[in-house]
Amino acid sequence: MIRLALEGAAGAGEQWAFETLVDVARLVPAATGEVPAVRAVRAEAASTAPAVVVAGDGLVRVSARALERILDVAGAGREQRSGIRDRHGRVPSSESAVVQEGSERTVALRILADALRSAVREAAGPRPVAVVAPWPDGHRWAAAFTHDLDVVTGWPLFAAMRWAELAGKGRLARAGRAVASTVQSLPGDPVRQGVEALLALEHRSGVRATWFVLAGRPTLTSWRRGDITYSLESSRARRLLDRIAGGGHELGLHGSFNTRDSAELLAEERARLAAAVGQSPQGLRQHFLRMAPVATLRAAATAGFAYDSTFGFPDRNGFRLGLADIVSVWDAVAGQVVNLQEAPLVWMDRALSKYQGVEDPHKWTDDALELASVCEAAQGLWVGLWHPNVTPALGFPGSLEALDRLISSIVARGPYLAPLGEIVAWRRARRAVRGRVEGDGRMVLTGDDHLGRWKFTLDRSGDAEPGETLLD
């Protein structure tokens, strides 16, 4: 095992970076100081030196350079320091550390976690080393399907805007197919038809997704901005919400534009959604991914959310925080951890069609599956976003067939599948696991009492066979 305190850490930020590295490496920290465990010390190192090295019996060194990189990438430190904003008030993708170095399609920080795990095993000697299994029930990776409910009413306007978008790109044939698909859906409500079709595909594959729902009050201004376009209390919205919740899916808040800078408004919209669905939403994703790192996440924690899933790219797909995993939020300005978990968005349909001009939905699926393979290899988490208005009737011919292939292909790979709220709760519980050694030399795992409903197993440990349950 390893001691969770980094000796010589230069402040709370480096300690957070080290704890994040231990967590991603799946190393079980020692429960108490009496447990024989490997120690880690911070070390200044030349830029060419290895990030993690074995320094002797029971000792590893972690370079200050590695800790700074974790803060810059997983802690979004570089983005928190940036004053640049795009027209939607977002930090542009170009300000991301991984985009600047061209590594956004890789799990950039995984190499550091693997290096730490290898070094601890080498340095441990007779000390026990515990590595916890990555996901529940023997699954080696995880996947979460999510949907942002942006459109409920006013569908003719959104369909017309989509036709104009295609025509403006010179895709006249596809625009004609889009118009024909809309006409074929009539009479009826194309929005409801799209939601029903999406729900049917997920039900067939046993997928329970997370739906992020707008809960602000629509105005003429919010319509013009493409912000809040429906009332949560409308009969159409209520029917959709009842249908979604009835399928066992999770409902989270899709924060309106103005919530980016207001904990009070976030709390108000969270309360409105809670009143509509009968339970308080735990998750948040900002509309248009409009977020001020990390001020919006501080506001989300104040408003009572357990997790956020906004940290993704609007104009490309990949790993903005360098991880395919759940990470605790670091506030570089305040120099402290925010009481909120981040489930970074990995893949989104409109990143390709809207921003990169890729209009073939099957190419979107190819891109999603490519990133899912990266997550699977890293034993991490893939979080995907398919908008329920991205359907043939609203201007996206062939989209449902592509979505069907995406869902069935990912399910066939055997990930742990659950709504984001359940995945985040499990990862928080895994992070709280600690190890101790009994009098007979047997290693057991312990965890926070309020997280005791979860089961954990050791993974390739010398003190327990893989798969042996040590904590219930």
Side-chain angles (χ1 to χ4, degrees), residues 144-159 161-162 189-203 207-218 222-223 225-257 259 266 269-290 305 307-310 312 314 343 345 348-351 353-354 383-396 399-400 403 407 419-421:
F145 288 90
T146 70
H147 312 291
D148 294 353
L149 189 61
D150 296 338
V151 179
V152 170
T153 58
W155 68 261
L157 174 61
F158 289 100
M161 289 171 61
R162 172 62 177 160
D189 181 349
V191 172
R192 184 176 179 84
Q193 293 171 16
V195 170
E196 291 286 355
L198 195 159
L199 289 172
L201 291 176
E202 291 182 332
H203 177 73
V207 171
R208 292 182 300 126
T210 299
W211 291 68
F212 294 99
V213 179
L214 291 166
R217 301 183 186 278
S222 72
W223 265 94
R225 298 175 70 193
D227 185 10
I228 309 165
T229 59
Y230 60 88
S231 171
L232 191 65
E233 291 80 15
S234 69
S235 59
R236 285 186 177 184
R238 294 302 296 269
R239 284 196 298 269
L240 290 179
L241 294 185
D242 289 345
R243 179 70 178 86
I244 293 165
H249 302 276
E250 176 189 13
L251 291 168
L253 178 68
H254 205 27
S256 64
F257 286 175
T259 62
L266 270 175
E269 292 189 5
R270 182 171 185 252
R272 288 190 70 202
L273 182 56
V277 302
Q279 59 181 2
S280 295
Q282 297 301 300
L284 169 70
R285 175 178 291 147
Q286 291 297 102
H287 194 25
F288 275 46
L289 305 185
R290 191 173 186 270
F305 290 96
Y307 75 89
D308 171 80
S309 188
T310 303
L345 178 62
M348 175 173 66
D349 48 12
R350 290 292 274 160
S353 65
K354 182 177 181 179
V383 179
L385 164 57
W386 192 286
H387 288 83
N389 59 297
V390 175
T391 60
L394 291 177
F396 298 88
S399 54
L400 290 178
L403 174 59
I407 293 172
L420 271 178

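Side chains are part of it too, since the values below use all heavy atoms of this structure and drop only hydrogens, waters and symmetry mates. Only a predicted model underlies this, so the values are computations on that prediction, with no experimental measurement involved.
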Heavy-atom closest contact ([X] atom, [Y] atom, distance):
| X | Y | value |
| --- | --- | --- |
| Thr310 | Gln286 | OG1-N, 2.9 Å |
| Val213 | Tyr230 | CG1-OH, 3.5 Å |
| Asp189 | Trp155 | OD1-CD1, 4.1 Å |
| Thr229 | Trp223 | O-CZ2, 2.7 Å |
| Leu198 | Pro388 | CD1-CA, 3.9 Å |
| Pro392 | Ser399 | CD-OG, 3.2 Å |

Do the side chain of [X] and the main chain of [Y] share a donor and acceptor less than 3.5 angstrom apart?
| X | Y | result |
| --- | --- | --- |
| Gln282 | Gly421 | no |
| Arg290 | Phe257 | yes |
| Asp308 | Gly283 | no |
| Arg270 | Pro281 | yes |

Which donor-acceptor pairs under 3.5 Å do side chains of residues 239-246 form with protein atoms, sequence neighbours excluded?
unit_1	atom_1	unit_2	atom_2	d
Arg243	NE	Glu196	OE1	3.0
Arg243	NE	Glu196	OE2	3.2
Arg243	NH2	Glu196	OE1	3.2

Are a donor atom and an acceptor atom from the side chains of [X] and [Y] found within less than 3.5 Å of each other?
| X | Y | value |
| --- | --- | --- |
| His287 | Asp148 | no |
| Arg285 | Thr146 | yes |
| Arg238 | Ser235 | no |
| Ser256 | Glu269 | yes |

Next item on the list: Report yes or no: is the cationic atom of Lys354 (NZ for Lys, CZ for Arg) closer than 6.0 Å to the six-membered ring centre of Phe288, at no more than 45° off its axis?
Entry: yes
Check: Near Glu233 CD, under 6.0 Å, is it more than 12 heavy atoms from other residues, nucleotides or ligands?
Finding: yes
Note to self: Under the side-chain contact (heavy atoms from CB on, under 4.5 Å) test against His254, which residue among Asp150, Leu284, Leu273, Leu149 passes?
What the structure shows: Asp150
Notebook entry, point to check: Hey, what's the ring geometry for Trp211 with His147, parallel, tilted or perpendicular (30° and 60° as the breaks)?
Noted result: tilted
